[in-house]
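All remarks here apply to the structure that follows.
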Amino acid sequence: MSELLPKVEVLSSVTDADAADIAHLVTQLSRTATFNQSRLTTIVTHDATELLVVRENGRIVGAATFVTFPLPSGVRGHVEDVVVDETMRGKGIAQALLVRMTELATNRGLRTLDLTSRPARKSALRLYESVGFVRRDTNALRFTPTART
């Protein structure tokens with residue numbers, strides 16, 4: 001990866017402008033996701049999560065969550081909520097976020113760094129593979145708790 005990638009930073013605190021930028025990105029990440037500033041503050045202060053961001057003219061235009069957790073089999077990592085503002089796509093922002101996370105995983109001695117993506121997201125899958133992720137023959141399963149009444 002010889003091209004110059006955008007600068008990635010780990011968000012360590014949340015300003016109102018940062019929160020507004022992340023709220024805007026969340027709307028592009030998922031039609032059903034909701035933004036919560038308190039949750040955002042928890043993410044940046046929690047020991048197991050780091051919010052990596054890329055800025056353009058001071059505004060956050062790309063973000064991804066890096067999660068690490070110890071298990072009996074070793075320290076593992078997971079990539080979550082990779083999103084780039086629709087007006088900034090194609091500029092290497094997602095690649096920069098992913099490369100930085102693979103560097104963090106390597107430097108911290110993680111056993112694995114995983115992510116999931118829908119099969120229909122072909123360009124995203126090509127990007128993930130271009131930075132070293134390998135498709136696995138596995139099934140992704142999900143349990144969604146229902147609200148207690």
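- Of the possible polar contacts, none joining the Gln95 side chain to the Leu5 backbone as a donor-acceptor pair under 3.5 Å is found.
- There is a path of hydrophobic side-chain contacts, each under 4.5 Å, that joins Val99 to Leu115.
- Exactly one residue among Leu98, Val67, Thr68, Thr102 makes a side chain to side chain contact (heavy atoms under 4.5 Å, CB included) with Leu113. That residue is Thr102.
- Salt bridge Glu103/Arg100: present, at least one basic N to carboxylate O contact under 4.0 Å.
- More than 12 heavy atoms of other shown residues, nucleotides or ligands fall within 6.0 angstrom of atom CZ in Arg39.
- Annotation: the span from Ile22 atom CD1 to Gln37 atom CD amounts to 10.5 Å, rounded to 0.5 Å.
- Side-chain contact between Leu51 and Leu40 is present, with heavy atoms from C-beta onward closer than 4.5 Å.
- Placement of Val8 and Ile60 in two distinct hydrophobic clusters is found when ILVMFWY residues are connected by side-chain heavy-atom separations under 4.5 Å, directly or transitively.
- Between Arg55 and Asp18 the shortest side-chain heavy-atom distance falls below 4.5 Å.
- For the side chain to side chain contact (heavy atoms under 4.5 Å, CB included) with Pro6, the qualifying choice from Val61, Val84, Ile93 is Ile93, the only one to do so.
- In this structure, Val79 and Tyr128 have side chains that are not in contact, with every pair of non-hydrogen atoms separated by 4.5 Å or more.
- For Leu127 against Ser130, the heavy-atom pair with the smallest separation is O-OG, 2.7 Å.
- With rounding to the nearest 0.5 angstrom, the CD atom of Glu50 is 12.5 Å from the CD atom of Glu9.
- Phe133 and Leu104 fall within a single hydrophobic cluster, where Ile, Leu, Val, Met, Phe, Trp and Tyr side chains are chained together by heavy-atom contacts under 4.5 Å.
- A distance-only check finds no donor-acceptor pair linking the side chain of Ser30 to the backbone of Val26 [under 3.5 Å].
- Within 6.0 Å of atom CG in Asp16, 12 or fewer heavy atoms from other residues, nucleotides or ligands are found, so the atom counts as exposed in its surroundings.
- Taking CZ of Phe69 as the start and CG of Asp47 as the end, the distance is 15.0 Å to the nearest 0.5 Å.
- Here NE2 of His46 is found 12.5 Å from OG1 of Thr65. Values are rounded to the nearest 0.5 Å.
- To the nearest 0.5 Å, the span separating CD on Glu80 from CD1 on Ile43 amounts to 10.5 Å.
- A distance of 10.0 Å separates CG of Leu25 from CZ of Phe35, quoted to the nearest 0.5 Å.
- Hydrophobic clustering of Ile, Leu, Val, Met, Phe, Trp and Tyr side chains at less than 4.5 Å, counting indirect connections, unites Val54 with Val10.
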